[in-house]
Amino acid sequence: MNVACLVSGGVDSALSVHMLKEQGIDPHLFYIKIGPDKDTEWNCTSEEDVEICQWLSKRYGLKLDVIDLHKEYWEKVVGYTMDKARMGLTPNPDVMCNKLIKFGCFEDVAGRDFDITATGHYCTTTITDSQGNELPASMRGTEGSKVWLSTSPDPVKDQTDFLCQISSLQVSKLMFPIGHLLKHEVRELADRAKLLNAGRKDSQGICFLGNIDFRDYIKAHLGEKPGDVREIETGRKIGEHKGLWFYTIGQRKGLGFGGGPWFVVKKNLKRNILFVSHGYDPEKVYKDHITMNDFHFITEEVSIPRKVTFKIRHTPEYLQGELMRKDDGTWFLQADKKIHGVAPGQFCVVYDEDHHLCFGSGEIN
């Protein structure tokens with residue numbers, strides 16, 4: 001089997017390489033180079049990342065190539081992020097980075113020459129036959145079999161929500177060597193294997209860009225646009241915001257308005273007003289349904305209406321509801337219980353009732 005393995009310098013992808021070697025597979029390693037633009041002074045760890053990847057390739061006698069997708073990232077992912085933020089929506093650059101860069105541009109440049117692409121994501125794949133019966137992993141690629149993106153046993157680290165926009169072709173080629181492990185098990189195995197980065201801290205923040213605060217990321221591209229902050233119940237002005245793109249529906253922390261707590265409940269783009277509601281978990285930040293203009297199924301379209309579980313943000317918890325489609329073509333998810341902070345622009349990620357198979361996602365409107 002001809003395997004490409006994406007490495008980042010982190011412990012997850014490093015242990016993925018180790019586990020592939022233990023299975024008798026010699027993967028070709030690829031580091032995708034993407035970083036801040038030249039005019040932005042951000043702390044990027046890419047040099048250290050590449051050094052660790054070079055150590056990994058030497059340790060296991062594997063070939064390593066650095067793929068420069070900097071231009072593609074800034075055109076596709078940053079462009080998407082700024083367009084959505086400008087519209088007052090809440091973008092998810094990690095989702096689009098996986099779809100367009102890691103498994104999109106990479107496939108076009110190098111991945112197409114390999115049977116499988118392995119990554120250090122906390123996800124798994126599930127193989128089923130045409131009747132939906134689960135098959136052993138060895139049956140992948142057999143006639144009538146289907147590959148589904150499925151969850152990791154680690155609910156905190158599970159990353160299926162970040163891969164919720166990938167295609168059936170992309171998931172059919174993916175392998176997640178550590179996807180069946182818990183994070184502490186990954187650390188323990190990496191330490192036992194004497195990997196250089198066994199204790200290295202996990203990266204946080206935007207995909208591929210290191211420890212960058214999202215507000216700084218937005219400010220560098222869109223600047224500031226001050227406007228009124230008003231209490232939605234009374235219309236009373238309680239402060240001034242620096243730009244609607246710095247806030248998301250349901251947000252409470254980091255607002256900086258006196259007399260709180262305050263929750264963001266609405267944005268008026270035309271008048272540049274941020275509406276907030278006062279108190280602890282006010283009713284106005286809750287909804288009992290989600291609407292989406294379109295819905296992207298990863299493996300195949302499933303029958304609806306259907307009882308499902310879902311997420312609207314990266315959390316360990318799953319919500320319950322029913323996915324359906326209205327006569328006008330709008331996708332509609334009726335939640336069993338009211339949901340806090342439904343933010344237009346984010347993705348509603350939908351799973352089966354047991355939150356095992358990830359069916360796909362739709363952008364919330």
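In what follows, residues are counted from 1 in the order of the sequence shown.
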Salt bridge (Lys or Arg N to Asp or Glu O under 4.0 Å) contacts in which one or both residues fall within residues 158-181, not counting sequence neighbours:
Glu107-Lys173
Polar side-chain atom of Asn197 near backbone of Ile52 as donor-acceptor pair, under 3.5 Å
no
Which residue pairs satisfy the salt bridge (Lys or Arg N to Asp or Glu O under 4.0 Å) criterion with at least one member in residues 65-74, sequence neighbours excluded?
Lys71-Glu75
State the NZ-NE2 distance between Lys157 and His184, to the nearest 0.5 angstrom.
13.0 Å
From Asn92 CG over to Lys99 NZ, what is the distance, rounded to the nearest 0.5 angstrom?
12.5 Å
Is a donor on one side and an acceptor on the other found under 3.5 Å between the side chain of Trp55 and the backbone of Leu195?
no
Is there a donor-acceptor pair closer than 3.5 Å between any side-chain N or O of Gln334 and the backbone N or O of Asp288?
yes
Hey, what's the ring geometry for His28 with Phe30, parallel, tilted or perpendicular (30° and 60° as the breaks)?
parallel
Summary of salt bridge (Lys or Arg N to Asp or Glu O under 4.0 Å) pairs that have at least one residue in residues 136-152, sequence neighbours excluded:
Lys146-Glu300
Would you say the side chain of Leu62 lies within less than 4.5 Å of the side chain of Lys21, judging by non-hydrogen atoms?
yes
Over all atoms of both residues, closest heavy-atom pair of Ser277 and Val265
CB-CG1, 3.8 Å
Quick one: list whatever passes side-chain hydrogen bond (donor to acceptor under 3.5 Å, both in side chains) with Arg313, sequence neighbours left out.
none
Measuring only between side-chain heavy atoms, which start at C-beta, is Met96 closer than 4.5 Å to Pro93?
no
With ring centroids as reference points, do Phe246 and His241 lie under 6.0 angstrom apart?
no
State, yes or no, whether a side-chain contact exists between Phe359 and Leu323 at a heavy-atom distance under 4.5 Å.
no
side-chain contact (heavy atoms from CB on, under 4.5 Å) against Glu363, all qualifying residues, sequence neighbours excluded
Lys84, Leu89, Phe347
If a pair satisfies salt bridge (Lys or Arg N to Asp or Glu O under 4.0 Å) and one of its residues is in residues 174-185, list it, with sequence neighbours excluded.
Asp12-Lys183, Lys183-Asp202
When you compare the side chain of Tyr60 with that of Asp26, does any pair of heavy atoms fall below 4.5 Å?
no
Lys102 side chain reached by Thr119 side chain, heavy atoms, under 4.5 Å:
no
When you measure from the side chain of His296 to the backbone of Gln165, do you find a donor-acceptor pair of N or O atoms at a distance under 3.5 Å?
yes
Please list every donor-acceptor pair under 3.5 Å in which a side-chain atom of residues 335-344 meets a protein atom from a residue at least two apart or in another chain.
unit_1	atom_1	unit_2	atom_2	d
Asp336	OD1	Lys307	NZ	3.0
Asp336	OD2	Lys307	NZ	3.4
Lys338	NZ	Glu283	OE2	2.5

Validation row: Tyr122, Val186 side chains within 4.5 angstrom (heavy atoms):
yes
Residues which pass side-chain hydrogen bond (donor to acceptor under 3.5 Å, both in side chains) with Thr248, listed by chain and number, not counting sequence neighbours
Thr90
Ile364 CD1 to Asn293 CG distance, which is reported to the nearest 0.5 Å
11.5 Å
Would you mind reporting whether Tyr73 and Val78 have side-chain heavy atoms less than 4.5 Å apart?
yes
Nearest heavy-atom contact between Glu353 and Thr309 is O-CG2, 3.3 Å
Taking side chain as C-beta onward, heavy atoms only, is Thr160 less than 4.5 Å from Val349?
no
Which pair of non-hydrogen atoms, one from Leu222 and one from Ala85, has the smallest distance, and what is that distance?
CD1-CB, 3.9 Å
Can you list the steps and then say if Arg325 with Ile304 is a side chain to side chain contact (heavy atoms under 4.5 Å, CB included)?
CA-CA 8 Å; Arg325 196 172 189 181; Ile304 53 169; 3.7 Å; yes
Can you say whether the rings of His289 and Phe332 are parallel (under 30°), tilted (30 to 60°) or perpendicular (over 60°)?
parallel
Who passes side-chain contact (heavy atoms from CB on, under 4.5 Å) against Glu317, sequence neighbours left out?
Thr315
Mind listing the closest non-hydrogen atom pair of Cys5 and Pro27 along with its distance?
CB-CB, 3.8 Å
Excluding sequence neighbours, so at least two apart, what forms side-chain contact (heavy atoms from CB on, under 4.5 Å) with Leu269?
Leu244, Lys267
Side-chain (Arg230) to main-chain (Gly235) donor-acceptor, under 3.5 angstrom:
yes
So does Gly9 get a backbone contact from the side chain of Arg200, meaning a donor-acceptor N/O pair under 3.5 Å?
yes
Output yes when Arg86 and Asp83 qualify as a salt bridge under the 4.0 Å nitrogen-oxygen rule, no when they do not.
yes
Sequence neighbours excluded, the answer for side-chain hydrogen bond (donor to acceptor under 3.5 Å, both in side chains) partners of Asp354 is none
Other ILVMFWY residues reachable from Leu182 by side-chain steps of under 4.5 Å:
none
Quick check against the 3.5 Å criterion: does Thr124 have a side-chain atom that pairs as donor or acceptor with the backbone of Ser150?
yes
